[in-house]
Amino acid sequence: MSGLAVHPCRSLCSWHRTRAELDGLPVVACRGCGSQWVRTEPWTPIDSTGRIPDVVRAEVARRAESG
């Protein structure tokens, strides 16, 4: 994988861990728009409900531990 995909949100956001990795980090992707995220990104994904998914919370915690 060479980079992350970023697409405009369509109010369908539902973030889940994928099998992919980027620079050794697990890639989390949105099933609604196809955007991707890793914990080194400066922003935090949320589902369309406004909730931060558990998989994202876990990665954010790892980001804080390593930073």
Seminar exercise, completed: Tightest non-hydrogen contact, residues P26 and V38, listed as O-CG1, 3.5 Å

Exercise. Can you name the nearest heavy-atom pair linking D47 to P53, along with the distance?
Worked result: OD1-CG, 3.3 Å

Exercise. CG of L25 to CG of L4: how many Å apart, nearest 0.5 Å?
Worked result: 9.5 Å

For this session: May I ask you to list the residues sharing a hydrophobic cluster with W15, side-chain cutoff 4.5 Å, ordered by chain and number?
Result: V28, W37, W43, I46, I52, V55, V56, V60

Exercise. Would a distance-only check, ignoring hydrogens and angles, find a side-chain to backbone donor-acceptor pair under 3.5 Å from S14 to R31?
Worked result: no

Problem set entry | Pair R62 + E59: basic N to acidic O under 4.0 Å | yes

Seminar exercise, completed: A5 meets the side chain to side chain contact (heavy atoms under 4.5 Å, CB included) criterion, sequence neighbours left out, with H7, Q36

For this session: Please report the closest heavy-atom contact between C30 and C13, naming both atoms and the distance.
Result: SG-CA, 3.4 Å

Exercise. Going from OG1 on T44 to CZ on R39, what distance comes out if it is rounded to the nearest 0.5 angstrom?
Worked result: 13.0 Å

